[in-house]
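Please read the structure below before turning to the comments.
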Amino acid sequence: MDKILDQLNPEQREAACHIDGPILILAGAGSGKTKTITTRLAYLLSLGIDPANTLTLTFTNKAASEMRERALSMIDNPVYPPLLCTFHKFGLLFLKFHIEKLGRKNDFVVIDTDDKKRIIKQIDKELPTALVASEISRYKNSLIHPAQAIAQAEQPQYKKIAAIYQTYQEYLVENNLVDFDDLLMLTHELLEMDEDLRKSVSDRYRYIMVDEYQDTNELQLQLLKKLCDSHTNLCVVGDDDQSIYGWRGANIKNILEFPNMFDDTKVVKLEHNYRSTEEILKAANLLIQHNRSRLGKTLISTKGKGKPVEIFQSSDENEESDKIARAIKQLIDSGVAAGEIAVLYRINALSRSLEEGLNRAGIAYQLVGGVRFYERAEIKDAISYLRIIANSHDDFSFKRVINRPKRGIGKATIDKIEKAAYEKHLSLYQFLSETPKTELSKLLSKKAYASINRFINDLEILQETLERSTMEFMEMFDSAIGLKAHYASLPDGMERVLNLDEFYGLFRDMIKKNPDMSLDGFLNEISLQSDQDQIKGEQISIMSVHASKGLEFTHLFVIGMEEEFFPLLGDGCDMEEERRLGYVAMTRAKETLTLSTVQSRFHKGRRKQLEKSRFLTEAGLLQGALSIEKSTGYKKGDLVKHKLFGIGRVLEVSRAGRDYKLKINFGGNRRDILSSFVEKV
DNA sequence: TGGGTCACGGTTTTT
DNA sequence: CCGTGACCCA
């Protein structure tokens, strides 16, 4: 038992050994966070706690599988695996068992963001789909039902969005679809309305752990509270300084106020950093100290002084990328493995000039992020076919693929079929396969009729084959549909064909490993899976700062260190979150860190003169008095909001020790207020 | 039905 | 500048 804990430092051990009651583990970058919580899980099990009584929640599948592997390798006799999965996977499992209590069937289909947008577009074409989609997410994540949304909407635009939300939700229920937010929202709903269920679920999961707690949103917090109904054994791990998902609903208050929300919370800080040199940590620490909303932590290096952080200054983006390419070449020539090198940027648009520079220098690289495997059009087509075959009610998938490959069926024909099917209360597929041929041929044009007949026929043959043998079904699937052939004929088709092959390969693998798995099972399995886009070690990586979270590189470059790009300014800019992003970027580096800044950059069709990023000065890397206004983010004339005094206008900004003082005019009343007590409006 | 052209707008991303 | 989506015509 002690062997398990031997590997930990005193703070890590203190955190891992805490069993009962709430605990917040504040784990700084590179402080051995995963090691600590996987050890804690292994420790709990080594004490004889039933794995079935534990629940460990993460945000990504990657984190879940990594933790599972590490925890299980520490226990001698893994009895059966403890539940360790993403929040959404937990919701999915839960709903499979309990959604019937909400009057819905458990053969629901999980739709992704892309599907969601398509449905929204069907309902409304006026408002931007992306906006509506994110507002619906906001509603769901704040536990607001369509009726409430409609009742509280004031502006005409929001009235419209709330109405779309209602129609959207009705559409989901009618077609038995569930979106990502529903996986959590419906789970919460069930736990809220059914006291017995809540009690039994909470009794079962007596030891709950949450990874990356700084990224939780309101809904996730509420869900956790329900899961902790009959106990308070909640162990959350995170780093408030690495909260970089505020824009998608993560609420940093969840971690900042955790000790106030749960009584008798134990707080453990992990501040020993096992990743970066002193020079790198010094800069990162200085930078993050400029933030006010934080619990406060200073990383301590265990790796020695190291090389100073280097600054590259160039006139434009071409010079910048050439400099970086040259530096990378030197590293590689001196024997550094390419996988140890990465370049980060704040926005994806900056990858272009960088890629050009790397290409000029003949350096192979891989771009991490971008379009994910399961979101590629060709893969979603194949999945849609599988969904129709598994579930003949899935009109949504049906419409996606009815004309892919091209069958000469356009909007007009689809409208006709939809209308007729609607009148008979049948799904599209049912309607087309059950309606007598004579009747169908009257409804449709000759060409469309013949084409649809063939289509339905192919699907029926596939369905019959599936009943006999999944393997046989898979063998004939593509040739029956003609997806590969379709994509092969397109100009950029080669890669898409390869992707389809990979997908079919995945499917076959899954069947071989799990001969009993049904098509339904397979579809469920992949609905929450993003490709584990593993980084191939033999190339240098380039990616956004967001994509780099959780990774580390021996030699790291960050480009675009200019005001406007990093920090990325614009409306709704949260300077503290930008600073946390800067902190995340810097703390990815192990041995050398190079920050690059240019005088001008070509962006959105024009060249712009730029100033050096304030983060360079804040991190103590560049001299130069920064104007007070810039470092606070407040300037004369800004509107700010105070808890008690309400909205006021800034008249003057001045320094007050480590904080800043604002002279504010609150409706005629002038007051001096410390800047951390107001927020921008 | 589907290919072609033009206007517009443009952070960060996981499930 | 470059990709997407709406709209128009064959």
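Letters A, B, ... mirror the listed sequences (proteins, then strands); counts begin at 1.
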- d(CG, A/Asp124; P, C/dG5) in whole Å: 16 Å
- Message: Would you say A/Asp239 and A/Gln214 are linked by a side-chain donor-acceptor pair, where the criterion is simply a distance under 3.5 Å?
- Response: no
What nitrogen or oxygen pairs link the protein and nucleotides 6-13 of chain B at under 3.5 Å?
{"unit_1": "B/dT12", "atom_1": "OP1", "unit_2": "A/Asn348", "atom_2": "N", "d": "3.0"}
{"unit_1": "B/dT12", "atom_1": "OP1", "unit_2": "A/Asn348", "atom_2": "ND2", "d": "3.3"}
{"unit_1": "B/dT12", "atom_1": "O4'", "unit_2": "A/Arg346", "atom_2": "NH1", "d": "3.2"}
{"unit_1": "B/dT12", "atom_1": "O2", "unit_2": "A/Arg346", "atom_2": "NH1", "d": "3.3"}
{"unit_1": "B/dT12", "atom_1": "O2", "unit_2": "A/Arg346", "atom_2": "NH2", "d": "2.8"}
{"unit_1": "B/dT13", "atom_1": "OP1", "unit_2": "A/Ser544", "atom_2": "OG", "d": "2.5"}
{"unit_1": "B/dT13", "atom_1": "OP2", "unit_2": "A/Asn348", "atom_2": "ND2", "d": "3.4"}

- Message: If only side-chain N and O atoms count, and only distance matters, is there a donor-acceptor pair under 3.5 Å linking A/Tyr385 with A/Asp381?
- Response: no
- Checking A/Arg580 against A/Tyr583: charged group under 6.0 Å from the ring centre and within 45 degrees of the axis? no
- Using the P atoms only, state how far B/dT12 lies from C/dG5, rounded to an integer number of Å. 16 Å
- Item | Donor-acceptor side-chain pairing of A/Ser600 and A/Asp316 below 3.5 angstrom | no
- In whole angstrom, give the distance that lies between atom CG of A/Asn141 and atom P of B/dT14. 17 Å
- Query: How about A/Tyr139 and A/His145: are their ring centres within less than 6.0 Å of each other?
  - Reply: no
- Query: For A/Gln169 and A/Lys140, does a side-chain donor sit closer than 3.5 Å to a side-chain acceptor?
  - Reply: yes
- Query: What does A/Ser527 touch in the nucleic acid at a heavy-atom separation under 4.0 angstrom: a base, only the sugar-phosphate, or nothing?
  - Reply: nothing
- Within 45° of the axis and under 6.0 Å from the centre of the six-membered ring of A/Phe108, does NZ or CZ of A/Lys96 qualify? yes
- A/Asn61 vs B/dT15: side-chain N/O to OP1/OP2 distance below 4.0 Å: yes
- Taking A/Asp395 for its side chain and A/Leu428 for its backbone only, find out whether a donor-acceptor pair lies under 3.5 Å. yes
Can you check nucleotides 2-5 of chain B for protein contacts, nitrogen or oxygen pairs under 3.5 Å, and list what you find?
{"unit_1": "B/dG2", "atom_1": "OP2", "unit_2": "A/Asn403", "atom_2": "ND2", "d": "3.0"}

- Message: Could you tell me how far apart A/Glu126 (CD) and C/dA6 (C1') are, to the nearest whole angstrom?
- Response: 13 Å
- What is the distance, rounded to the nearest whole Å, between atom CG of A/Asp215 and atom C1' of B/dT15? 13 Å
- Message: Short of 4.0 Å, heavy atom to strand atom, which residues of residues 84-98 of chain A count as contacting DNA chain B?
- Response: A/Thr86, A/His88
- Rounded interatomic separation in angstrom, taking CZ from A/Phe602 and P from C/dC2: 8 Å
- To the nearest Å, how far apart are A/Leu528 CG and B/dT15 P? 9 Å
- Query: Under 3.5 Å, is there a donor-acceptor pair between the side chain of A/Asn403 and the main chain of A/Ile409?
  - Reply: yes
- Message: So A/Gln220, base contact, sugar-phosphate only, or nothing? Heavy-atom distance under 4.0 Å.
- Response: nothing
- Task: Could you tell me the separation between the CG atom of A/Asp211 and the C1' atom of B/dT15, rounded to a whole number of Å?
- Result: 15 Å
- Item | Parallel, tilted or perpendicular: rings of A/His603 and A/Phe565 (30°, 60°) | perpendicular
- Flag the pair A/Phe90 / A/Tyr205 as yes when their ring centroid distance falls below 6.0 Å, and as no otherwise. yes
